[in-house]
Amino acid sequence: MLVAAQNVFISAGNTTRNLRRRLKRIRLLISGVTAPKKVSTMRILQLHSNFIVFKPVEKEIAVAEETNKEENRVEEVLVLFTAIEEGDDTALAQKAIDDVHAFLDKLKVNRILIYPFAHLSSNLSKPSEALKLIKVMEAYAKQKEIETYRAPFGWNKQFTISIKGHPLAEQSRFYASIEGGEEAKEETVSEAVRAEEKMKSFWYILQPDGKREAIEDFDFKGYENLGKFAKYEIAKVRASQQMPPHVPLMKRLEIADYEQGSDPGNIRWYPKGRLIKSLLEQFVTAKTIAYGAMEVETPVMYDFNHPSLADYLNRFPARQYLLKTEDKELFLRFAACFGQFLIVHDTQFSYKQMPLKVYELTRYSFRREKSGEVCGLRRLRAFTMPDCHAFCADLKQAKQEFKTRFNLSIDVLNGMGLSKDDYEVAIRFTEDFYEENRDFIADLVKIYGKPILAEVWKERFFYFRLKWDCNFIDNQDKAAALSTDQIDVENAKRYEITYVDEKGEKQYPLILHCSPSGAIERCMYALLEKAYKEQQKGKLPMLPLWLSPTQLRLIPMSDKYIEKVEEIAKEIAAHCIRVDIDDHASTLQKRIREAEMEWIPYVIVVGQRELESEVLSVRDREAHGKVQNMKLEELITKVASKLEGKPFKPLPLPLNLSKRPQFYG
RNA sequence: GCCUCGGUAGCUCAGCCUGGUAGAGCGGCUGCCUUGUAAGCAGCAGGCCGCGGGAUCAAAGCCCGCUCGAGGCUCCA
């Protein structure tokens, strides 16, 4: 049971975020990576504050102290949110105050507020014990001549706090006494906190000419999109209220919709959406195979207790779909890594076959993103991810391969209709990697040819040493990662993946993880958001020709021409062009309008005139609806040439519009 | 997980504040019109107003609870 529950009202700027982040970290610690089991720890969240205002609201428990319900305000104070756990004792309480005392000297402050705060622990002591120790702390602090205030114990309190901005302002501590009551000692404040130090990012802009500038010195004029991206990455500031534009679009265009009968983030695909998605899938796959990867297919579910997997899973807890069967606990894959690593673990290969490239398009990967994170096609719980791993003998080979794959990714995005102007690149590495590989990183920037955002860490925290990602910036100024590649230095060992080197000795390879396009759904989100952007600029929105479900629409002037029009359609379709016929009995104008609403690239009206002259009037959406006259063969040649090198699938719906059901609206 | 908003016809939504016969546009169906490059006309059908409880003579509407969903925050390995 909670000793006290607070309604937290926090004022002023980023204090909310700070406190939440801090609380979250504390919970992380509590969840117990570092704290040995059965060890009691006194938990203190220590915040150097400009002020705190708190007000008791109502008694929570029987042993609550007597107090009045007046509002209290303390200025320039070190607030100690304190949770007493089972087994904590006087020695521990005094030890904590000793530490605080030392810390106060550093801060040049001599005022504390002891604030009983149950939420820091899930292993609270009995309230009576806790109150006793809180009083011990208070008395001991006063004895040390610290100006000591205290919030009442056992009350539901409401508080407002303003936290100072300096680096020492927020500290979390816990004090442990090992069972049996040996000497109290300060627990190392956990790997998570140390990890956070490692994770501290420094931001730069890398220029194609090799220059590296601190982000605050860079002039974003002419690079507004990069500016938005940097802002998003660093400050995480977003002001968006509107619905993401691609969501109504995906519905209206009958591409996809939410499936209420499933879990959020699991999407239903209508025929047109399935076609687009399928074409994108074929395209990435073809490109990746052409690059030299071997396509495989692996299971979607894995044994929770498999030793290699368990280790990996523990790093990313609680993001999986779990599956209980009679004899096993399984989880749905959240990436293709497992399946491929398990294959390569059992594969015999030597330096002669390297870099060894394995590819899979996962349909699906599953991540149980928290509710509220899921959004349209941007972020799903079930998504299609092309994933290509390259197993490299050494860093030299990895770097070479890395460049090749960067080019591949740029090429894939470009083919999909996303040019370098549509996304921004970030590159992330450790300081030492940069020092040793300056030229290499400069080469990557040169390949992209535009300034790149660089995130630099002092030490390695993640499993990779180097990573880049291409990020689409949408109409809400949010960034979403598309392609990415990383140099993984940990997983070969974890999965016991080895190759044989020139001397016949087993070695661990470096593993490159690349998604040449990013999630396919996310590519569709980017294309729709891009179309919307174009529309805002006054252009007619459309999808790339090769992805348009209907590429060419024929509109017969009246039903007496339908037969002739069907012949023309047959001729066009024979050239792998998706053509359909609007045989509805509505007016020409209305049918034109409907074709435009469907973003159809070419619309052709066929009547007496066309049939007599054999010259078609072609309405070209790309040319803002301008009507051009051309012969059928010319039209076919023109369209076919634009489709060259792209995958093709036939029309996913009946040829005649009158035969089509309406999936939405 | 937190905050906010929402669930009424196939779709988009109005009505709710101020309780008393359920509304519009689009779409669908039927008929007329046979069309020259972004909405032709008319008629018809279509609703357990998310679910459960309460107060009321009376609830889509007021109160309470639940549920499902969306958007934002956080998160995004």
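Reckoned from all heavy atoms, side chains included, excluding hydrogens, waters and symmetry mates. This one's a predicted model, so the numbers in the text were calculated from it and none came from an experiment.
- Using a 4.0 Å cut-off between charged side-chain N and carboxylate O, A/Arg268 and A/Asp257 make no salt bridge.
- Anti is the conformation of B/rU18, whose glycosidic angle sits further than 90° from 0.
- In this structure the side chain of A/Val627 never reaches within 4.5 angstrom of the side chain of A/Val618, judged on heavy atoms.
- Taking atom CD of A/Glu369 as the reference point, atom P of B/rU74 lies 15 Å away to the nearest angstrom.
- Checking B/rC48 for Watson-Crick or G-U wobble geometry (two distances, each under 3.5 Å) identifies no partner in any strand.
- Regarding contacts with the backbone of B/rG36, every side-chain N or O of A/Tyr561 stays at 4.0 angstrom or more from both OP1 and OP2.
- Across all strands shown, B/rC29 forms a Watson-Crick or G-U wobble pair with B/rG43, both key distances being under 3.5 Å.
- Regarding A/Arg591, its CZ atom lies at a distance of 11 Å from the P atom of B/rG36, rounded to whole Å.
- Within 4.0 Å (heavy atoms only), A/Ile600 reaches no atom of the nucleic acid at all.
- B/rG71 is paired with B/rC3 under the criterion used here, namely a Watson-Crick or G-U wobble arrangement in which both key atom distances are under 3.5 Å.
- Looking at A/Leu249 and A/Lys251, their side chains never come closer than 4.5 Å, going by heavy atoms from C-beta outward.
- Each of A/Arg522 and A/Pro264 was assigned the nucleotide of RNA chain B with the nearest heavy atom; the assignment lying further toward the 5' end belongs to A/Pro264.
- For the pair A/Leu588 CG and B/rU35 P, the interatomic distance rounds to 11 Å; values are reported in whole Å.
- Across all strands shown, B/rA22 forms no Watson-Crick or G-U wobble pair with both distances under 3.5 Å.
- Counting distance only, with no hydrogens placed and no angle test, the side-chain atoms of A/Ser586 and the base atoms of B/rU35 include no donor-acceptor pair under 3.5 Å.
- Applying the Watson-Crick and G-U wobble criteria (two distances, each under 3.5 Å), B/rA9 pairs with nothing in any strand.
- Rounded to whole Å, the separation between the C1' atoms of B/rA45 and B/rG1 comes to 47 Å.
- Residue A/Lys478 has a polar side-chain atom (N or O) positioned under 4.0 Å from OP1 or OP2 of B/rC73.
- Contact annotation: the side chain of A/Trp599 approaches that of A/Arg621 to within less than 4.5 Å [non-hydrogen atoms, C-beta and beyond].
- In this structure, B/rU35 makes no Watson-Crick or G-U wobble pair, since no nucleotide meets both defining distances under 3.5 angstrom.
- A/Leu657 is listed as a side-chain neighbour of A/Asp580, based on a closest heavy-atom distance under 4.5 Å.
- A/Arg553 comes within 4.0 angstrom of nothing in the nucleic acid, heavy atoms only.
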What N/O pairs connect the protein and nucleotides 30-34 of chain B at under 3.5 Å? Give each pair on its own line.
none

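- Note: A/Tyr115 and A/Phe54 have perpendicular aromatic rings, judged against thresholds of 30 and 60 degrees for the angle between ring planes.
- Base pairing of B/rU56 is not made with any nucleotide, judged by Watson-Crick or G-U wobble geometry with both donor-acceptor distances under 3.5 Å.
- Aromatic ring centres of A/Phe429 and A/Trp457 lie farther apart than the 6.0 Å criterion allows.
- Position along RNA chain B of the nearest nucleotide to A/Val374 versus A/Gly625 favours A/Gly625 as the more 5'-ward residue.
- In this structure, A/Met250 atom CE and B/rU12 atom P are separated by 12 Å, rounded to whole Å.
- Taking the six-membered ring for Trp and the full ring otherwise, A/Phe472 and A/Tyr423 have centroids separated by 6.0 Å or more.
- Closest contact between the side chain of A/Met597 and the listed nucleotides B/rG71, B/rG36, B/rA38 involves B/rA38.
- Comment: A/Glu360 engages A/Arg333 in a salt bridge, judged by a side-chain N to carboxylate O separation of less than 4.0 angstrom.
- Across every strand in view, B/rC16 sits unpaired, with no contact that passes the Watson-Crick or G-U test at under 3.5 angstrom.
- Atom CG in A/Asn266 sits about 14 Å away from atom C1' in B/rG69, given to the nearest Å.
- Among the atoms of the strands shown, only primed sugar atoms or phosphate atoms (P, OP1, OP2) are found under 4.0 Å from some heavy atom of A/Gln589.
- B/rC29 and B/rG10 are spaced 13 Å apart, taking the C1' atom of each and rounding to whole Å.
- For A/Tyr664 and B/rU12, the OH to P distance is 4 Å, given to the nearest whole Å.
- The side chain of A/Pro244 lies closest to B/rG71 when the candidates are B/rA39, B/rG71, B/rU37.
- Between A/Lys590 atom NZ and B/rU37 atom P the separation is 17 Å, expressed in whole Å.
- Distances were taken from every side-chain heavy atom of A/Arg379 (C-beta onward) to each of B/rG72, B/rC75, B/rG27; the shortest belongs to B/rC75.
- Rounding to whole angstrom units, CZ of residue A/Arg378 and C1' of B/rA70 are separated by 13 Å.
- Taking 4.0 angstrom as the limit, A/Gln476 places none of its side-chain polar atoms (N or O) nearer than this to OP1 or OP2 of B/rG71.
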